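A quick note: this is a predicted structure, and the numbers were derived from the prediction, not measured. Within every chain, numbering begins at 1; the chains are lettered A, B, ... in the order of the sequence lines, protein sequences first and strands thereafter.
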2 protein chains.
Amino acid sequence: MALSLELITRTARSLLIQYGLQDVSMRRLAKELDVAPGALYYHVPSKQELLRTVAHEILTPLRTESGDALQLMLRFRELVLPLRDVGDLLLLAYALDASLPPAQLLPERLVTAGWPRDEARDTTAVVMRFALGAVATEQNQALLERPATATATATGQAPDAPQAMEAERIYLHGLQRLLIRPV
Amino acid sequence: MALSLELITRTARSLLIQYGLQDVSMRRLAKELDVAPGALYYHVPSKQELLRTVAHEILTPLRTESGDALQLMLRFRELVLPLRDVGDLLLLAYALDASLPPAQLLPERLVTAGWPRDEARDTTAVVMRFALGAVATEQNQALLERPATATATATGQAPDAPQAMEAERIYLHGLQRLLIRPV
DNA sequence: ACCTGAACACCGTTCAAGT
DNA sequence: ACCTGAACACCGTTCAAGT
């Protein structure tokens, strides 16, 4: 009872953060909310639409980010990386609408930095594709290396330094190459 | 009867080409082969492993490609794009091993073109992430725009020109930016 | 208006038992 | 060695019927 769109998306989001995308099912969500699975469909048209909404919400903090294009994209990675296996979801959400938060803001930042409008638009598309591919790759690798660590990272601090650092270096390298203003 | 690893992967691949990744399930595969679902697991350890093998096979034609890095990556897109919604699969296959056919060959091509070894290695990682992100985005968009066209494209020729051309332009643009040798 | 119960048409994987 | 039958533990979605 007391079900609502807002409650559903909030619960979906917390499931996503705690257990990863693979554990976000409509039935699991319904169980969490103590409700029959069908009840969700009174408030939400489909799972895909629900996840698109959640993806949007997760990325909204970027809208208040004030740095330049590079800083924006670094913040994007930081925001998304902790959400295990959410990369595929973002790929889908971006395909659904290309104005997903970082993409929405990039062109103006580039124009501010002196880019021509057309170049800024194309570069945004390129950078987004790279960033989504990079994050998805990185998350998939993390998921496949330590397969079922389940819940808490009880390993204290500084857990998976080597690959994460390598991945960060590659990410930064790609961004720098793409965000250098062409002559 | 007469089941084998080779027959299974071949059938999986033909299902993938005909109906897309969403229609490749172990049960569907078993039905196609006139066999109980469990029988597949005598030859294959898991669905994930099966799909990784299929992804590898699809990309092996690239190994005999003789062009430079840019031509190699253009061929990659051509090869993969007709297989609807296979982008996510490739992202996973690449995460499982980073020597997936185009990645395997890129470093030497770059070195041949005068790149330093270290730069070539990093650039390969960057280009792969971009290409995988780009293809996945493009396929997701195609899948979401005309949702259930099902089987044959009965629309004759020259079907979806506008977005496909835009996507190709962005892909090329990104590659050119990444494959220019830095000073 | 909002929700339940029950169904429909599926999944991946395991495993005793058969041949 | 290779496969079947049957089960386990799930899916997303729909929809009559209840309140």
Rounded to whole Å, how long is the line connecting atom [atom1] of [X] with atom [atom2] of [N]?
{"X": "A:R27", "N": "C:dA9", "atom1": "CZ", "atom2": "C1'", "result": "11 Å"}
{"X": "A:M26", "N": "C:dC3", "atom1": "CE", "atom2": "P", "result": "14 Å"}
{"X": "B:I8", "N": "D:dC2", "atom1": "CD1", "atom2": "P", "result": "11 Å"}
{"X": "B:Q22", "N": "C:dA9", "atom1": "CD", "atom2": "C1'", "result": "16 Å"}
{"X": "A:L29", "N": "C:dC3", "atom1": "CG", "atom2": "P", "result": "13 Å"}
{"X": "A:L40", "N": "C:dA1", "atom1": "CG", "atom2": "C1'", "result": "16 Å"}
{"X": "B:E49", "N": "C:dT13", "atom1": "CD", "atom2": "P", "result": "11 Å"}
{"X": "A:K31", "N": "C:dC3", "atom1": "NZ", "atom2": "C1'", "result": "18 Å"}

- Provide the full list of side chain to side chain donor-acceptor pair (under 3.5 Å) pairs with a residue in residues 98-108 of chain A, sequence neighbours left out, each pair given once.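 Pairs touching residues 98-108 of chain A that pass the test: A:D97-A:S99.
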- Message: Under 4.5 Å between side-chain heavy atoms, counting indirect links through other Ile/Leu/Val/Met/Phe/Trp/Tyr residues: same cluster for B:M26 and B:Y42 or not?
- Response: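 No, B:M26 does not connect to B:Y42 through the hydrophobic network.
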- Can you hop from B:I58 to B:L5 via hydrophobic side chains spaced under 4.5 Å?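 Per the 4.5 Å side-chain linkage, B:I58 and B:L5 are co-clustered.
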- Which stems does DNA chain C form, counting runs of 3 or more consecutive Watson-Crick or G-U wobble pairs with both distances under 3.5 Å?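 Stems found: C:4-8 with D:12-16, C:12-16 with D:4-8.
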- Query: Expressed as a whole number of Å, how far does the C1' atom of D:dT14 sit from that of C:dC3?
  - Reply: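 D:dT14 and C:dC3 have their C1' atoms separated by 14 Å.
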- Item | Pairwise C1' distance for D:dC10 and C:dA9, with rounding to whole Å |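 Pairwise C1' distance, D:dC10 against C:dA9, rounds to 14 Å.
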- Query: Taking for each residue the nucleotide of DNA chain C bearing the nearest heavy atom, is the 5' side occupied by A:Y42 or by A:A36?
  - Reply: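 Looking at the nearest nucleotide for each, A:Y42 comes out on the 5' side.
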- Using only side-chain N and O atoms of A:H43, determine if any of them is under 4.0 Å from OP1 or OP2 of C:dA1.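 Checking A:H43 against C:dA1: no side-chain N or O falls below 4.0 Å of OP1 or OP2.
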- Query: After noting the C-alpha distance and the side-chain angles of A:L74 and A:L175, does the key distance pass the side chain to side chain contact (heavy atoms under 4.5 Å, CB included) rule?
  - Reply: CA-CA 9 Å; A:L74 290 177; A:L175 287 180; 4.1 Å; yes
- Query: For the side chain of B:S25, counting heavy atoms from C-beta on, which of C:dC11, C:dC3, D:dT4 is nearest?
  - Reply: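 That would be C:dC11.
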- Task: Assess whether atom CZ of B:R169 is packed by more than 12 heavy atoms of other residues, nucleotides or ligands within 6.0 Å.
- Result: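 For B:R169, atom CZ is crowded (more than 12 foreign heavy atoms under 6.0 Å).
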- Task: Look up atom CZ in A:R84 and atom CD in A:Q139, then write down how far apart they are to the nearest 0.5 Å.
- Result: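 Taking CZ in A:R84 and CD in A:Q139, the distance rounds to 9.5 Å.
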- Task: Could you encode protein contacts along nucleotides 14-19 of chain C as a string, one character per nucleotide from 5' to 3', using B for base contact, S for sugar-phosphate-only contact and - for no contact, with a heavy-atom cut-off of under 4.0 Å?
- Result: BB----
- Task: Report yes if the side chains of B:R75 and B:L62 come closer than 4.5 Å at any heavy-atom pair, otherwise no.
- Result: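 A side-chain contact under 4.5 Å exists here.
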- Message: Tell me the closest heavy-atom pair linking B:Y171 and B:F76, and the distance in Å.
- Response: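 Nearest pair, atom of B:Y171 first, then B:F76: OH-CD2, 3.6 Å.
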- Between A:L106 and A:M73, which heavy-atom pair has the shortest distance, and what is it?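 Between these two residues, the closest heavy atoms are CD1-SD, 3.8 Å.
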